[in-house]
Amino acid sequence: MSDLDSLTLRTIIETAHDHFFVVEADGRIRDVSPAAAAVYGMSREALCRTTVQALEAEGVLRPSVSLEVMRTGEPAQVAQVTSTGRRVIAQAHPVFDAGKLVAVVSRSMDLTDLQLLQEEYALLQRRFNEHLRRGGGEEAGSEIELADLEARSGLMREVALLLKRVAPTDATVLMLGESGVGKTAFARQLHRWSPRHKGPFVDVNCGAIPESLFESEMFGYRQGAFSGAAPGGKAGLMEQAEGGTLFLDEVGELPLPMQAKLLKVIQDGCITRLGDTRARRVDFRLVVATNQDLARSVEAGRFRLDLYYRLNVIPVTLPPLRERREDIPGLVERHLQRLNTRYGRDKIIARDAWQTLMGWEWPGNVRELENWLERAWLSASEDVIRPRQVPGQPEGPERATTTTREAASSGCRGLAEGETLQSALARTERDILAALCREANSTYAIAERLGISQPSVVRKLRRHGLRIERSR
C-alpha cells in the first residue's frame, strides 16, 4: 500500500461518523476509529491491544460481526448490544489476498438516539389519537411558535411539536404526504428551529434534475472534468449545504444509480467531485420528502432497501388539506395578505365564498389553494373576490370536471378476472393520463392538474406509452 493510500485510509477511519474496526484474520484488532470508545466503553489503545474473541466473551460487544465473517468468508450484518447499553447495527466485509482471508473491515452505526426519537414519535402519535378520541385538539401544541406556518388544526400542531422536538438533533427526517401539502414549508421551519439555522437551507427537487446532470449538480466537479466545465470547477449542492440543511424533495424519483451514490454519502460523510480524486468531508442535516409510498417502491425494486432504512429515521406524515379544513381560513388570509402586498391593493374574500372554499376537496392541497387564490385575485375586477369569477374555480365538493368523472367511472369498474390491485391502479393511472392527454396542451398543464412535477408526468407518460394529442 502506498503512503498516499495509507494516509487516505487513516483519514477515513479517524474522521468517519460511523465506527470502524480493522481486524486481522486471527481476530486481533489492528485499528479502530476514535469515536468507537464512547460506544464500546474502551479506549482506542485498549481496543487495539485485544481481540474480537475476547471482546465478545467479555460482553463488550455481542455478537461479533467480524467473527461471523471469519467463519463464513461472506459479508455480514448484525444488531449488537454493547457493554455501555448502546444499540448498534454492525456491517463487516472480508478482505482477501490471493484467495486467502487476511482481514475483516467492519463499520457500526449507533442507533440508540435514533430509536429513542422513533419511540418518542410513536408515543406522540398515540397521545394524539387518544386526544382525538376525547374530542380535544384546540389546545394541542398551542405553545409552539410556528413562524410562517399556518397550522391551526390539532393534527398539524402535533406534527409541528414533533418537528420541534427532533430539530436539535441531526437525525434524518422523512417528510411524507400528498403533493402540495406543505412539506417544503415544514422542512424550512425545521431548519429554523435547528442549531444549524444560521447555515444555508439548500432545496433540491430530485425529480427536476436529469440523470445525466445529477452527479455534477449534487457533487460538483473539478476544472476540466468535462467539456464546458466552469474554470476552477464548481461546488455541488451537497457542499453548498455545509453547516446547514440539505432538503431533497421528491427523493422517490431518484434513479437507482443515483440512490447508490446518495447512500454512500450518507454512510461515509464524504463526497468526491466529478473528475477529482480527493474526498471532501461534508456536514449537513438531511431532510427528504416524497409523495410516494417508498415501502411499495422497495418491493417493486424501484428503491433501495438500505437507502430506505437510512432515510426512514424520523417519518413525519403531513395530512392532506381535506383532513384539516380548519387550516383553510388561515392559509387563505395569509396568502391574500401576500398578494395584496405584492400588487398594492386591498382585496377581500366575499362572505358567500367561504362555504365553497371550506367544502372543496382541494386535491392539489395548499398549492392548489394558493394557485386558485392568485388567479381569483388577478381576475377580480372589484376589491371583492367571488368564487365564480375564475374558470376552473372550486364550486363545491359535488362538482367534478369531465376528467375527474371519467377517471372515477374507469376506476370503479372493479377488478377484472385475474387482475391484481397493482395492475388495477396502473390501469386507472393510465386512463386518467390518457384523458388528460386529450384535454391538455402540455405536460406542464397535466402536472398542474395532477399536483405533481412535470418530470414525473413525462416519466409516467413514457411508462404508459402515451403522448399529448396536439392535433386537437
Side-chain angles (χ1 to χ4, degrees), residues 17 114 163 166-167 169-194 196-197 199-220 234-274 280-298 302-318 367 451-456 459:
H17 178 71
L114 303 184
L163 290 178
V166 303
T169 75
D170 273 341
T172 300
V173 174
L174 172 60
M175 298 273 190
L176 302 168
E178 296 178 5
S179 180
V181 293
K183 296 186 286 292
T184 301
F186 273 84
R188 287 186 182 277
Q189 185 58 46
L190 175 65
H191 172 71
R192 296 188 192 101
W193 281 330
S194 77
R196 296 174 176 268
H197 65 275
F201 179 87
V202 179
D203 183 359
V204 181
N205 186 335
C206 296
I209 303 178
E211 184 174 353
S212 58
L213 298 179
F214 183 87
E215 190 168 3
S216 62
E217 288 294 314
M218 293 298 295
F219 298 94
K234 177 185 175 183
L237 294 169
M238 289 185 175
E239 282 188 75
Q240 295 175 30
E242 179 70 24
T245 300
L246 178 65
F247 176 57
L248 300 182
D249 197 8
E250 296 192 29
V251 71
E253 300 284 351
L254 279 179
L256 284 169
M258 300 304 103
Q259 293 176 29
K261 294 179 184 294
L262 174 59
L263 176 65
K264 191 174 189 311
V265 174
I266 296 174
Q267 291 177 334
D268 300 340
C270 293
I271 65 166
T272 302
R273 290 185 180 182
L274 196 63
R280 303 167 187 260
R281 294 286 298 174
V282 287
D283 175 32
F284 53 76
R285 169 63 169 296
L286 181 63
V287 180
V288 300
T290 181
N291 57 11
Q292 298 185 16
D293 185 340
L294 288 187
R296 181 174 294 177
S297 296
V298 170
R302 296 190 300 271
F303 204 84
R304 293 178 62 105
L305 178 62
D306 45 7
L307 179 59
Y308 172 69
Y309 283 130
R310 284 283 187 168
L311 299 182
N312 192 33
V313 178
I314 307 295
V316 178
T317 301
L318 302 183
R367 184 182 297 122
I452 62 178
S453 69
Q454 187 266 349
S456 297
R459 279 189 288 271

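Under a 4.0 Å N-O distance rule, the pair Arg196/Asp283 qualifies as a salt bridge. Electrostatic pairing of Glu217 and Lys234 counts as a salt bridge here, judged by a charged N lying under 4.0 Å from a carboxylate O.
Evaluation of the side-chain contact (heavy atoms from CB on, under 4.5 Å) rule for Ala295 yields Asp293, Tyr308 as partners, not counting sequence neighbours. Considering only residues two or more places apart in sequence or on other chains, Ser216 meets the side-chain contact (heavy atoms from CB on, under 4.5 Å) condition with Leu213, Tyr221, Phe226, Leu274. When the salt bridge (Lys or Arg N to Asp or Glu O under 4.0 Å) test is applied to Arg367, no partner is found at least two apart in sequence or on another chain.
No side-chain donor from either of Glu250 and Gln292 sits under 3.5 Å from a side-chain acceptor of the other.
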> Please walk me through it: do Phe201 and Val287 pass side-chain contact (heavy atoms from CB on, under 4.5 Å)?
Replying inline: CA-CA 10 Å; Phe201 179 87; Val287 180; 6.0 Å; no

>> For a side-chain contact (heavy atoms from CB on, under 4.5 Å) check, start with the C-alpha distance between Val173 and Val313, then their side-chain angles and the critical distance, and finish with the verdict.
In response: CA-CA 6 Å; Val173 174; Val313 178; over 6 Å; no

> Yes or no on side-chain contact (heavy atoms from CB on, under 4.5 Å) for Met238 and Val265, after CA distance, side-chain angles and deciding distance?
Replying inline: CA-CA 9 Å; Met238 289 185 175; Val265 174; 3.8 Å; yes

> Step by step, would you call Leu307 with Ile266 a side-chain contact (heavy atoms from CB on, under 4.5 Å)?
Replying inline: CA-CA 9 Å; Leu307 179 59; Ile266 296 174; 3.9 Å; yes

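To the nearest 0.5 Å, the span separating CE on Met218 from CZ on Arg273 amounts to 14.0 Å. Atom CG of Asp249 and atom OG of Ser179 lie 8.0 Å apart (nearest 0.5 Å). One distance of note links CZ of Arg310 with CG of Leu174; it measures 15.0 Å at 0.5 Å rounding. Between atom CG of residue Asn205 and atom CD of residue Glu253 there is a gap of 8.5 Å, rounded to the nearest 0.5 Å. To the nearest 0.5 Å, atoms CG (Leu248) and CG (Leu311) are separated by 8.0 Å. Here CZ of Arg304 is found 10.0 Å from CG of Leu262. Values are rounded to the nearest 0.5 Å.
Side-chain N or O atoms of Glu178 include none that pairs as donor or acceptor with a backbone N or O of Asn291 at under 3.5 Å. A distance-only check finds no donor-acceptor pair linking the side chain of Arg302 to the backbone of Arg296 [under 3.5 Å]. Between the Arg280 side chain and the Glu239 main chain, no donor and acceptor come within less than 3.5 Å of each other. With hydrogens and angles disregarded, no donor-acceptor distance shorter than 3.5 Å links the side chain of Glu242 to the backbone of Phe284. Checking side-chain atoms of His191 against main-chain N and O of Gly199 turns up a donor-acceptor pair under 3.5 Å.
Val181 has its side chain within reach of Lys183: a pair of non-hydrogen atoms, C-beta onward, lies under 4.5 Å apart. At least one side-chain heavy atom of Thr184 sits less than 4.5 Å from a side-chain heavy atom of Asp203. Taking the side chain as every heavy atom from C-beta outward, Leu286 and Val288 approach each other to under 4.5 Å. Looking at Leu318 and Leu176, their side chains never come closer than 4.5 Å, going by heavy atoms from C-beta outward. Between Val316 and Phe186, every side-chain heavy-atom pair lies at or beyond the 4.5 Å cut-off. No side-chain heavy atom of Trp193 sits under 4.5 Å from any side-chain heavy atom of His197. Counting heavy atoms from C-beta on, the side chains of Ile271 and Lys261 never come closer than 4.5 Å.
The two residues Gly252 and Leu294 make their nearest non-hydrogen contact at CA-CD2, 3.9 Å. Across Leu246 and Ala241, no two heavy atoms sit closer than the pair CB-CB, 3.9 Å. Contact between Cys270 and Arg281 at its shortest, heavy atoms only, is SG-CD, 3.4 Å. Nearest approach of Ala171 to Thr169, heavy atoms of both residues: N-OG1, 3.2 Å. The two residues Ser194 and Ala167 come nearest to each other via the heavy atoms CB-O, 3.4 Å.
Note on ring orientation: taking the six-membered ring where Trp is involved, the planes of Phe219 and Phe214 are perpendicular (angle over 60°, cut-offs 30° and 60°).
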